Amino acid sequence: MANIELKELTKRSEDYSQWYQDLVVKADLAENSAVRGCMVIKPYGYAIWEKIQAQLDRMFKETGHVNAYFPLFIPKSFLSKEAEHVEGFAKECAVVTHHRLMKDPNGTGVVVDPSAKLEEELIVRPTSETIIWNTYRNWIRSYRDLPLLINQWANVVRWEMRTRLFLRTAEFLWQEGHTAHATKEEAEEEATRMLNVYAEFAEKYMAMPVVKGVKSANERFAGALDTYTIEALMQDGKALQSGTSHFLGQNFAKAFDVMFADKTGKMEYVWATSWGVSTRLMGALIMSHSDDNGLVLPPQLAPIQVVIVPIYKNEDQLAQISAKIDPIIDELKALGISVKYDNSDNKKPGWKFAEYELKGVPVRLAMGARDLENGTVEVVRRDTLTKETRSTENICQFIQELLNDIQENIYKKAVDYRTAHTVTVDTYDEFKEKIEEGGFILAHWDGTTETELKIKEDTKATIRCIPFDGDKTPGKCMVTGKPSAQRVLMARAY
RNA sequence: CGGGGUGUAGCGCAGCCCGGUUAGCGCAUCUGCUUUGGGAGCAGAGGGUCGAAGGUUCGAAUCCUUUCACCCCGACCA
């Protein structure tokens with residue numbers, strides 16, 4: 001009964017934010033680093049990110065995209081070429097001003113060598129539109145060069161005031177797609193297509209339901225004509241913007257002078273999109289499914305899908321168990337299931353059970369003396385924590401089905417949660433009351449930034465998106481009474 | 001940048017108010033034995049510039065001054 005420390009996960013009901021922090025650290029996903037606001041992603045956390053990456057990368061390639069890599073540094077002058085863009089990012093840029101250090105003449109440390117000042121400062125990219133569009137100018141001449149469908153996996157830096165592991169860090173990993181098109185329609189289609197890719201990924205792989213929609217002008221990406229978003233609801237009732245896809249119009253083409261000759265030989269500005277998801281998805285994944293015992297991972301993204309724990313009294317017994325387990329491991333692997341056989345002898349079974357629950361491993365098998373006698377194995381599923389003892393016969397097929405079942409079940413649970421926490425309101429008083437309970441609220445809005453800001457000021461809630469699907473019945477704005485085309489999705493957000 | 005808090009062993013903390021032998025405790029680590037079906041037990045061992053700098057004092061983790069860092073809550077954001 002000792003070792004309370006590891007078990008001590010703050011309960012979600014006590015302090016949700018603390019629960020999240022505890023979980024990220026104790027499940028060994030990430031930790032704070034020596035650099036303020038920057039995290040170290042630990043191997044187990046990175047393994048999940050790699051699975052996210054691998055699947056998204058596959059989906060990007062299936063939709064015709066290729067990967068490339070652009071520089072970390074951007075000349076300062078580039079950033080100012082698109083007026084709205086610079087305004088959106090200027091306040092959070094890390095700037096490189098020098099390129100050399102020297103011994104401190106007055107001490108033992110090192111100082112910046114003043115003679116090594118850069119002619120033009122470099123910005124550490126907060127996003128890559130500018131450097132990429134500057135490059136595209138040289139790549140695009142004719143309509144035959146289009147469309148250009150490029151993605152890059154990279155790190156970016158945004159100097160945030162306050163950070164939280166995965167949800168908001170000063171440096172984060174992401175992918176950013178940057179595409180160039182001959183027509184407005186094609187670019188808009190692309191932006192929509194990629195939003196759909198994100199939504200499909202969120203729902204099928206992360207088991208996280210999302211609402212697709214368009215951002216209000218106020219919440220739009222700096223430099224975009226339209227920002228499409230997927231919005232998810234976390235277990236504490238707050239919304240999390242999980243991915244965005246932007247229709248950039250010709251803004252960046254004009255800023256960087258990127259033109260092409262169309263079929264008639266006429267010179268036209270190129271149409272653009274950009275789209276991205278980040279390590280923030282890790283935060284979304286954690287907060288969507290996990291419980292007071294730790295992480296709950298969807299089988300599709302779990303680095304370890306099945307863990308096997310032997311329970312033995314001596315070496316001889318372990319050998320007997322291993323002899324039973326080995327063929328099961330081989331068969332599971334042949335089915336494409338990732339298995340870990342934890343026969344380490346420095347931890348007791350009970351410790352291992354708790355540990356793998358904390359880490360969210362979807363299925364756990366345990367085999368001991370009793371099972372050897374009966375030809376059985378204990379199967380425990382992480383999502384419900386239910387146990388059953390089964391014959392080892394056809395066990396692998398059972399596990400395969402069980403993994404699918406878990407994937408479906410946690411998705412269904414998340415959908416049910418969201419359904420239960422989505423309400424429709426018609427008056428502002430009702431809105432103010434409901435927003436305190438958390439969750440999504442569908443309400444009518446007059447479409448003005450003024451009203452949106454008032455709502456934010458009064459309630460801290462923002463318009464998450466104007467949903468694509470669902471009820472399109474017009475009505476009256478809950479604040480001003482002016483006409484509204486459809487209900488919009490509102491919530492307090494991360 | 002405002003408000004609050006914390007810096008003592010790898011991690012988590014006590015000691016500080018009221019200065020006084022060798023700075024403690026839990027976890028982790030190492031060794032040995034016993035254990036192993038829900039976070040094992042016993043015995044032993046190693047591990048510290050008490051965030052930093054200055055000051056007061058015979059004597060400072062403790063009091064004073066300065067400073068740095070980090071965390072939490074706000075304003076800003078994926």
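Computed from heavy atoms alone, side chains included, the values below leave out hydrogens, waters and symmetry copies. Note on naming: letters A, B, ... go to the chains in the order of the sequence lines (proteins, then strands), and numbering restarts at 1 for each one. Predicted, not measured: the structure shown is a model, and the values here were computed from it.
Salt bridge present: A:R193 and A:E190 bring a charged side-chain N and a carboxylate O closer than 4.0 Å. The pair A:D383-A:R381 meets the salt-bridge criterion, with a side-chain N (NZ, NE, NH1 or NH2) lying under 4.0 Å from an Asp/Glu carboxylate O.
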Checklist line | Verdict with reasoning, A:E378 to A:R370, per salt bridge (charged side-chain N to carboxylate O under 4.0 Å, His left out) | finding: CA-CA 10 Å; A:E378 184 186 71; A:R370 245 167 26 211; 5.3 Å; no
Checklist line | Pair A:D291-A:R382, salt bridge (charged side-chain N to carboxylate O under 4.0 Å, His left out): steps then yes or no | finding: CA-CA 10 Å; A:D291 61 25; A:R382 177 62 184 90; 2.7 Å; yes
Next item on the list: Check the pair A:R492 / A:E436 against salt bridge (charged side-chain N to carboxylate O under 4.0 Å, His left out), numbers first and verdict last.
Entry: CA-CA 9 Å; A:R492 287 188 181 145; A:E436 295 302 326; 2.9 Å; yes
Next item on the list: List the steps and the verdict of side chain to side chain donor-acceptor pair (under 3.5 Å) for A:K204 and A:Q55.
Entry: CA-CA 11 Å; A:K204 281 197 184 158; A:Q55 180 54 35; over 6 Å; no
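Rounded to the nearest Å, the gap between the C1' atom of B:A23 and that of B:U8 is 9 Å. Nucleotides B:G15 and B:C63 have their C1' atoms positioned 16 Å apart, rounded to a whole Å. When the C1' atom is used for both B:U22 and B:G4, the distance is 38 Å, rounded to whole Å. Only the C1' atoms considered, B:C50 is 10 Å distant from B:G7, to the nearest whole Å. With C1' as the reference atom, B:G59 and B:A45 are 32 Å apart, rounded to whole Å. Across B:A69 and B:G10, the matching P atoms stand 22 Å from one another, rounded to whole Å. Taking atom C1' on both B:G32 and B:G12, the two are 28 Å apart, rounded to the nearest angstrom. A distance of about 41 Å separates the P atoms of B:C27 and B:U66, rounded to the whole Å.
Applying the Watson-Crick and G-U wobble criteria (two distances, each under 3.5 Å), B:C33 pairs with B:G41. For B:C18, there is no paired base (Watson-Crick or G-U wobble, both distances below 3.5 Å). For B:A75, there is no paired base (Watson-Crick or G-U wobble, both distances below 3.5 Å). The base-pairing partner of B:G54, taking Watson-Crick or G-U wobble contacts with both distances under 3.5 Å, is B:C64. Pairing partner, B:C70: B:G5, with both Watson-Crick or wobble hydrogen-bond distances short of 3.5 Å. Across the strands present, B:C13 finds its partner in B:G24; the criterion is a Watson-Crick or G-U wobble pair with both atom distances under 3.5 angstrom.
A:R364 comes within contact range of at least one nucleobase, with a heavy-atom separation under 4.0 Å. Residue contacts shown for A:E160 include a base, since a base heavy atom lies under 4.0 Å away. Note on A:K215: nothing from the nucleic acid sits closer than 4.0 angstrom, heavy atoms only. At a threshold of 4.0 angstrom between heavy atoms, the contacts of A:F221 with the nucleic acid are absent. The residue A:T169 sits close to a base: some heavy atom pair falls under 4.0 Å. Note on A:S17: only backbone sugar-phosphate atoms sit closer than 4.0 angstrom, heavy atoms only; bases stay farther off.
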Please list each protein N or O that sits under 3.5 Å from an N or O in nucleotides 33-37 of chain B, with the distance.
unit_1: B:U36; atom_1: O2'; unit_2: A:Y312; atom_2: O; d: 3.4
unit_1: B:G37; atom_1: OP1; unit_2: A:K348; atom_2: NZ; d: 3.3
unit_1: B:G37; atom_1: O6; unit_2: A:G368; atom_2: N; d: 3.4
unit_1: B:G37; atom_1: O6; unit_2: A:G368; atom_2: O; d: 3.2
unit_1: B:G37; atom_1: O6; unit_2: A:A369; atom_2: N; d: 3.1
unit_1: B:G37; atom_1: O6; unit_2: A:R370; atom_2: N; d: 2.7
unit_1: B:G37; atom_1: O6; unit_2: A:D371; atom_2: N; d: 3.1
unit_1: B:G37; atom_1: O6; unit_2: A:D371; atom_2: OD2; d: 3.2
unit_1: B:G37; atom_1: N1; unit_2: A:D371; atom_2: OD2; d: 2.5
unit_1: B:G37; atom_1: N2; unit_2: A:D371; atom_2: OD2; d: 3.4

Using nucleotides 2-7 of chain B, report all nitrogen or oxygen pairs with the protein that are shorter than 3.5 Å.
none

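What separates NZ of A:K460 from P of B:G74 is a distance of 6 Å, to the nearest Å. Rounded to an integer number of Å, the gap from CD of A:E31 to P of B:G12 is 11 Å. If you measure from atom CZ of A:R464 to atom P of B:C77, you get 11 Å, rounded to the nearest angstrom. Here the C1' atom of nucleotide B:C77 and the NZ atom of A:K238 are 13 Å apart, to the nearest Å. Atom P of nucleotide B:G38 and atom CG of A:L358 are separated by 18 Å, given to the nearest angstrom. When the C1' atom of B:C76 is taken as reference, atom NZ of A:K456 falls 8 Å away, rounded to whole Å. The distance from atom CG of A:D22 to atom P of B:G12 is 12 Å, rounded to the nearest whole Å. Rounded to whole Å, atom P of B:A75 lies 11 Å from atom CZ of A:R168.
A cation-pi arrangement is absent between A:R418 and A:F440 under the rule of less than 6.0 angstrom and at most 45 degrees off the ring axis.
Residues A:T163 and A:A170 approach most closely at CG2-N, 3.9 Å, considering heavy atoms.
Ring pair A:H65/A:W275 is perpendicular by interplanar angle, where above 60° counts as perpendicular and below 30° as parallel.
At a cut-off of 3.5 Å, with distance as the only test, no side-chain donor of A:Y417 or A:S288 sits close to an acceptor on the other residue. Donor-acceptor pairing under 3.5 Å is lacking for the side chains of A:T462 and A:E219.
The side chain of A:Q21 places an N or O atom within less than 4.0 Å of a non-bridging phosphate oxygen (OP1 or OP2) of B:C72.
Along RNA chain B, the nucleotide nearest A:L240 and the nucleotide nearest A:V35 are compared for position; the residue whose nucleotide lies closer to the 5' end is A:V35. Each of A:T244 and A:S33 lies near RNA chain B, and the nucleotide nearest A:S33 is the one positioned closer to the 5' end.
For A:E355, taking side-chain heavy atoms from C-beta onward, the closest of the listed nucleotides B:G38, B:A75, B:G39 is B:G39. Taking the side chain of A:M161 as heavy atoms from C-beta on, and the options B:C72, B:G38, B:A75, the nearest nucleotide is B:A75.
In terms of modelled atom types and a separation under 3.5 Å, the side chain of A:Y46 and the main chain of A:V40 share no donor-acceptor contact.
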